[in-house]
Amino acid sequence: MESTDRSTQAKAFDESRTGVKGLADSGITEIPAMFRAHPATLTCLKPPSPPQHLMVPTIDLKGGSVFSKNQQDSKTRQRVVEKIGDAAEKWGFFQVINHGIPVDVLERMIEGTRGFHEQDQEAKTRFYSRDFTRDLYYASNFDLYTSQAASWRDTLGCYMAPNPPRLEDLPVVCGEIMMEYSKQMKNLGEVLFELLSEALGLNPHHLKDMDCAKSQVMFGQYYPPCPQPDLTLGLSKHTDFSFITILLQGKIGGLQVLHDQYWIDVPPVPGALVINIGDLLQLISNDKFISAEHRVIANGSSEPRTSVVCFFSTFMKANARVYGPIKELLSNENPAKYRDFTLTEFSNIFR
Ligand SMILES: O=C(O)CCC(=O)C(=O)O
Ligand SMILES: [Fe+2]
């Protein structure tokens, strides 16, 4: 496709403000050319099957033992710390169960997100924006004008912390559950940063004291059924610009992580949350933990796929705070692999 065609199509799509859901609802049987992925990407969608034993680790946080400071639970906690450290080093991804967040909160968050994307177009379009520094926006494809091909997905984005939005500024259909879910994410995030600090051999408060748990951005991702799922992606391969990311997937799979040259499915596990290490934690851990590439294949089912992503990150907001490899982790044998960056510099690179 000519690049001018591509940008004309992208502009018309953008100006329609109806997102990919609008295209899917119009009943098209072929996806527009601007969504067709490059042949090399498409080949990569049919990779050789990975060996059976390669599975993203699932870690049981066993409520009480990880959350309490009880002495007799310290052995269980130590084992959890080891498993988390191992997963963060080798995979950059793991799932957690028994994390303490009630199932009904997870379900209501998925339903709320779906409700946002499935409400009347007018109710949604008033939030439509390509200014991703805004506190709240609904849009399709952050990189609409720059990517090789667009992806089959719409997004509701919101900065939730440290300055939470006002309930009255949030969409009615999902505002309350977003506020509640964000509090739950803060609590779980703090527990995870404690465990990750210990896994790095640091005191449990180290990462929290560096403000890793302070900023939160939430994405309500919506992947409508795609008429030609073999020709595009739901979300192209990327790493996350965050310290960590907590992902809630609905019932429909599609998330894959790149591990040992294989694309490995991360199947939805009822009640579980997926945790992944982002670029910022890879940087401050001096590559001890890895920010793994991942992607979402286009949704070939007849139901929409919904996921809720909570990034511990300032994302596109300007922030002068400086981060570099943690000094306590460095030695003659392990010199710093990165220089110090401000978060603003980092987000410009990411952009
Ligand atoms: O929807 C998903 O399962 C993954 C989303 C994701 O990777 C992201 O938003 O960065
Ligand atoms: Fe991601």
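Heads up: numbering here begins at 1 and tracks the sequence. In this text the structure is predicted, and so the values were computed from the model without any measurement. Only this structure's heavy atoms are used, side chains among them; waters, hydrogens and symmetry mates stay out. Remember, it's 1-based here, ligands and their atoms both numbered in the order they're listed.
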Item to check | Evaluation steps, side-chain hydrogen bond (donor to acceptor under 3.5 Å, both in side chains), between Gln221 and Thr155 | outcome: CA-CA 5 Å; Gln221 304 279 33; Thr155 305; 2.6 Å; yes
Next on the checklist: One pair to check against side-chain hydrogen bond (donor to acceptor under 3.5 Å, both in side chains): Thr344 and Thr342. What are the steps and the verdict?
Outcome noted: CA-CA 5 Å; Thr344 302; Thr342 66; 4.6 Å; no
Checklist entry - For ligand 1, which atoms have a heavy atom of Phe311 less than 4.0 angstrom away? => result 8 (C), 9 (O), 10 (O)
Checklist entry - Contact between Arg295 and ligand 1, counting heavy atoms under 4.0 Å? => result no
Next on the checklist: What protein heavy atom lies closest to atom 10 (O) of ligand 1? Include the residue and the distance to one decimal.
Outcome noted: His238 NE2, 3.0 Å
Next on the checklist: List ligand 1 atoms under 4.0 Å from Val309, heavy atoms only on the residue side.
Outcome noted: 5 (C), 9 (O)
Next on the checklist: Is there a ring pair (Phe, Tyr, Trp, His ring centres under 6.0 Å) between Phe243 and Phe312? Walk through the geometry before answering.
Outcome noted: CA-CA 6 Å; Phe243 289 101; Phe312 286 87; 8.8 Å; no
Next on the checklist: Starting from atom 4 (C) of ligand 1, what is the nearest protein heavy atom, named by residue and atom, and what distance separates them?
Outcome noted: Val296 CG2, 3.7 Å
Checklist outcome for this item: So the atoms of ligand 1 within less than 4.0 Å of a heavy atom of His294 turn out to be 7 (O)
Next on the checklist: Taking 4.0 angstrom as the limit and counting only heavy atoms of Asp240, give me the atoms of ligand 1 inside it, by number and element.
Outcome noted: 10 (O)
Item to check | Part of Val274 with heavy atoms under 4.0 Å of ligand 1, whether side chain, backbone, both or neither | outcome: neither
Item to check | Of the N, O or S atoms in His294, the one nearest the Fe ion (ligand 2) | outcome: NE2
Checklist entry - Between Arg17 and Glu122, does at least one N-O distance fall below 4.0 Å, as a salt bridge requires? => result no
Checklist entry - Between Tyr338 and Asp287, is a side-chain hydrogen bond (donor to acceptor under 3.5 Å, both in side chains) present by the stated rule, with each step listed? => result CA-CA 9 Å; Tyr338 303 96; Asp287 284 354; 2.5 Å; yes
Item to check | Criterion side-chain hydrogen bond (donor to acceptor under 3.5 Å, both in side chains) on Thr245 and Ser242, from CA distance to verdict | outcome: CA-CA 7 Å; Thr245 304; Ser242 62; 2.9 Å; yes
Next on the checklist: Tell me the protein heavy atom at minimum distance from atom 9 (O) of ligand 1, and give that distance in Å.
Outcome noted: Gln221 NE2, 2.9 Å
Item to check | Leu235, portion touching ligand 1 at heavy-atom distance under 4.0 Å | outcome: side chain
Item to check | Arg305 heavy atom under 4.0 Å from ligand 1 | outcome: yes
Item to check | Electrostatic pair Glu15:Lys11 at N-O distance under 4.0 angstrom | outcome: yes
Item to check | N, O or S atom within Asp240 nearest to the Fe ion (ligand 2), by name | outcome: OD1
Checklist entry - Side-chain donor-acceptor pair under 3.5 Å between Thr133 and Asp131, yes or no? => result yes
Next on the checklist: I'd like to know if Lys251 pairs up with Glu303 as an ion pair, taking the criterion as any Lys NZ or Arg NE/NH1/NH2 lying under 4.0 Å from an Asp or Glu carboxylate oxygen.
Outcome noted: no
